[in-house]
Amino acid sequence: NGQFAGSHVGENVDFKFEISKFLKDGANEVVVKVLDDLWSGLQPGGKQSGSDQSAGCFYTRTTGIWQPVWLEAVGSSFVETLSVVPDPDNARVLIQAKLNGPGKDLRLVAEAFADGKLTGSDTSKGPWQDTLVLNLKKKTLWEPGAPFLYDLKLTLYSGQEKVDELKSYFGLRKIAIDGRKILINGKPVFQRLILDQGFYPNGLWTAPSDAALKNDIEMSMACGYNGARLHQKVFEPRFLYWADKLGYMVWGEFPDWGFEFKPEGYSAYVNEWTEVLLRDRNHPAIVGWCPFNEEDKRARELSQMIWNVTKAVDPTRPALE
């Protein structure tokens, strides 16, 4: 409605703005303006061509908005972000939830379900960001090809009134490195990975449907692969959902090609990679992070910064520097 709501730098992850104060009775207009400056050297582009045609190993550019846009109503207090850290050795999961908004006597209840039956719960009455520990009565691991998922429900109360509810899931698994072996749940797993660049004949970076995302994984598994390196693109959450459901290992990557490693572009790079980590860290299918690809010595300063950020946000997975 002609009022500035906010801005965001980066083309890969979601962003949101509170627009309640700008709304009016009757029809409302929301305008999203996108500036795509691939030639600046300050914007990573991945495999996207610098021209309007594919050339060599560079493919047709994607411009504008390539993922869904929606309006979402929330209460005055709600669960804003969620961190789920599995601890299979102790048959438990550690949960941190960040709450948004005021509220008196807030109480957050976390419940885990296995095959529809309650298997663990905890309640937080502390600060805005508390750790809840759910000790699980039933321990079933998430493994490649055998992807057991627990259902997770968070309920936020203000006094006795329920003010928000969030439903999600998690997988119980851990990753470790032993010499040249990568261990999943203590067992070495040879990763037969396909290089998936996430381009589609008609939508380019945009998949035609949810079924197409699932079908990509099923076709790969039918060919004998147990996972993928998600190459030069931050894949959308629905792809990661199907990877979780189907037991398909993936490495999360960033589309760093086209970035010229100018210091004036570092802040945008670090900020968006941090957003990627915060958004995708709860997916059990992600077994490692790869924020750079085939970079030379120009990337040394930024790669050290990114590695430090990666291990600070997510110490549970390996990260390539």
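Small disclaimer: the values here were computed from a predicted structure and weren't measured.
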Open item on the list: With rounding to the nearest 0.5 angstrom, report the CG to CZ distance, N90 to R92.
Closed with: 5.0 Å
TODO: Decide side chain to side chain contact (heavy atoms under 4.5 Å, CB included) for V13 and E272; before the verdict, give the C-alpha distance in whole Å, the side-chain angles of both, and the deciding distance to 0.1 Å.
DONE: CA-CA 8 Å; V13 295; E272 190 170 24; 4.1 Å; yes
With a 3.5 Å cut-off and sequence neighbours excluded, list the donor-acceptor pairs that the side chains of residues 169-177 form with protein atoms.
residue	atom	partner	partner atom	Å
Y169	OH	D244	OD2	2.6
R173	NE	P284	O	2.9
R173	NH2	P284	O	3.3
R173	NH2	I286	O	3.1
K174	NZ	D89	OD1	3.2
K174	NZ	D89	OD2	2.8

- [ ] Check whether the ring centres of F259 and F261 lie less than 6.0 Å apart, and answer yes or no.
- [x] yes
Open item on the list: Who clusters with F58? Use side-chain heavy atoms, under 4.5 angstrom, across I, L, V, M, F, W and Y, and order the result by chain and number.
Closed with: W257
Task: Stepwise side chain to side chain contact (heavy atoms under 4.5 Å, CB included) test for F190 and N226 - done: CA-CA 9 Å; F190 186 82; N226 59 7; 5.8 Å; no
Task: Donor-acceptor contact below 3.5 Å, side chain E111 vs main chain L152 - done: no
- [ ] Examine I217 and V189 and state if one hydrophobic cluster contains both, with Ile, Leu, Val, Met, Phe, Trp and Tyr joined whenever side-chain heavy atoms are less than 4.5 Å apart.
- [x] no
- [ ] State, with a plain yes or no, whether a side-chain heavy atom of V250 is found less than 4.5 Å away from one of V287.
- [x] no
Task: Donor-acceptor pair, side chain of Q48 and main chain of G45, under 3.5 angstrom - done: yes
Task: Validation row: L240, D280 side chains within 4.5 angstrom (heavy atoms) - done: yes
Task: Donor-acceptor contact below 3.5 Å, side chain S209 vs main chain A212 - done: yes
Open item on the list: According to salt bridge (Lys or Arg N to Asp or Glu O under 4.0 Å), who are the partners of D314, at least two apart in sequence or on a separate chain?
Closed with: R317
TODO: Before accepting this row, confirm whether a basic side-chain N of the pair E295/R300 lies closer than 4.0 Å to the acidic partner's carboxylate O.
DONE: no
- [ ] Enumerate the residue pairs fulfilling ring pair (Phe, Tyr, Trp, His ring centres under 6.0 Å) with a member in residues 208-231, sequence neighbours excluded, ordered by first and then second residue.
- [x] none
- [ ] Could you name each residue pair satisfying side chain to side chain donor-acceptor pair (under 3.5 Å) that touches residues 33-42, not counting sequence neighbours?
- [x] D36-Q43
- [ ] Could you list all the salt bridge (Lys or Arg N to Asp or Glu O under 4.0 Å) pairs where at least one residue sits in residues 210-227, not counting sequence neighbours?
- [x] D210-R238, K214-E218
Task: Donor-acceptor contact below 3.5 Å, side chain D196 vs main chain G198 - done: yes
TODO: Please check if the side chain of D256 supplies one atom and the backbone of N293 the other of a donor-acceptor pair under 3.5 Å.
DONE: yes
Open item on the list: Taking the side chain as everything from C-beta on, heavy atoms only, tell me whether I65 gets closer than 4.5 Å to V34.
Closed with: yes
Can you give the donor-acceptor pairs under 3.5 Å from side chains of residues 67-76 to other protein atoms, not counting sequence neighbours?
residue	atom	partner	partner atom	Å
W70	NE1	E72	OE1	3.2

Open item on the list: Are the side chains of Q197 and L230 in contact, using a 4.5 Å heavy-atom criterion?
Closed with: no
TODO: Under 4.5 Å between side-chain heavy atoms, chaining through other members, with only Ile, Leu, Val, Met, Phe, Trp and Tyr counted: pull out the rest of the cluster around Y157, sorted by chain and number.
DONE: V109
Task: Closest approach of P44 to P255 (non-hydrogen atoms, all atoms of both residues) - done: CB-O, 2.8 Å
- [ ] Decide yes or no for W205 and F199: does some side-chain heavy atom of the first lie under 4.5 Å from some side-chain heavy atom of the second?
- [x] yes
Open item on the list: Closer than 4.0 angstrom, basic N to acidic O: yes or no for E18 and K21?
Closed with: no
Open item on the list: Taking side-chain contact (heavy atoms from CB on, under 4.5 Å) as the criterion, tell me which of N282, L94, L134 meets it with V84.
Closed with: N282
Open item on the list: Ring of F235, cation from K233 - is the NZ or CZ under 6.0 Å from the centre and inside 45° of the axis?
Closed with: yes
Task: Min side-chain heavy-atom separation R279-V234 under 4.5 Å - done: yes
- [ ] Examine distances only and state if a side-chain atom of N185 and a backbone atom of W142 form a donor-acceptor pair shorter than 3.5 Å.
- [x] yes
- [ ] Measure the shortest side-chain to side-chain distance between W289 and L277 over non-hydrogen atoms and say whether it is less than 4.5 angstrom.
- [x] yes
- [ ] Sequence neighbours left out, what passes side chain to side chain contact (heavy atoms under 4.5 Å, CB included) with A91? Give chain and number order.
- [x] K139
Open item on the list: Any donor-acceptor pair under 3.5 Å linking the side-chain atoms of Y150 with those of T119?
Closed with: no
Task: side chain to side chain contact (heavy atoms under 4.5 Å, CB included) assessment of K153 paired with L166 - done: CA-CA 6 Å; K153 183 170 78 170; L166 182 150; over 6 Å; no
Task: Approximate separation, where rounding is to 0.5 Å, of I306 CD1 and K311 NZ - done: 14.0 Å
- [ ] Output every pair passing salt bridge (Lys or Arg N to Asp or Glu O under 4.0 Å) with a member in residues 282-291, not counting sequence neighbours, ordered by first then second residue.
- [x] none
Open item on the list: The test is side chain to side chain contact (heavy atoms under 4.5 Å, CB included); show your working for S220 and Y248 and say whether it passes.
Closed with: CA-CA 9 Å; S220 177; Y248 187 71; 2.8 Å; yes
Task: S54 side chain vs T60 backbone, donor-acceptor pair below 3.5 Å - done: yes
Open item on the list: I'd like to know if the side chain of N1 and the backbone of F22 have a donor-acceptor N/O pair within less than 3.5 Å.
Closed with: yes
Open item on the list: Using modelled atom types and a 3.5 Å cut-off, is there a donor and acceptor pairing between side-chain atoms of N28 and backbone atoms of L23?
Closed with: no
Open item on the list: Quick check against the 3.5 Å criterion: does E80 have a side-chain atom that pairs as donor or acceptor with the backbone of K98?
Closed with: no
Task: D115 with K117: basic N within carboxylate O range, under 4.0 Å - done: no
Task: F78: which of V163, N100, L99 passes side-chain contact (heavy atoms from CB on, under 4.5 Å) - done: N100
Open item on the list: Do Q96 and V85 make a side-chain contact, defined as non-hydrogen atoms from C-beta onward lying under 4.5 Å apart?
Closed with: no
- [ ] Not counting sequence neighbours, list each pair that qualifies as a salt bridge (Lys or Arg N to Asp or Glu O under 4.0 Å) and has a residue in residues 259-271.
- [x] E260-K262
TODO: Check W66 against T206 and note the closest heavy-atom contact, atom names and distance.
DONE: O-OG1, 3.0 Å
- [ ] May I ask whether V313 and L302 are part of the same hydrophobic cluster, defined by side-chain heavy atoms of I, L, V, M, F, W, Y residues being less than 4.5 angstrom apart, directly or through others?
- [x] yes
Open item on the list: Centre-to-centre under 6.0 Å for Y269 and F292, is that the case here?
Closed with: yes
Open item on the list: The criterion is salt bridge (Lys or Arg N to Asp or Glu O under 4.0 Å); which residues satisfy it with E11, sequence neighbours excluded?
Closed with: none
Open item on the list: Quiz question: by atom type and distance under 3.5 Å, do the side chains of E275 and N271 form a donor-acceptor pair?
Closed with: no
Task: Rounded distance (nearest 0.5 Å) linking atom NZ of K47 with atom SG of C57 - done: 4.0 Å
Task: Spatial distance of atom CG (D178) from atom NZ (K187) [nearest 0.5 Å] - done: 15.5 Å
Open item on the list: Would a single hydrophobic cluster contain both L82 and L136, if residues Ile, Leu, Val, Met, Phe, Trp and Tyr are joined by side-chain heavy-atom contacts under 4.5 Å?
Closed with: yes
- [ ] Measure the spacing between CG of L132 and CD1 of I95 and express it to the nearest 0.5 Å.
- [x] 6.5 Å
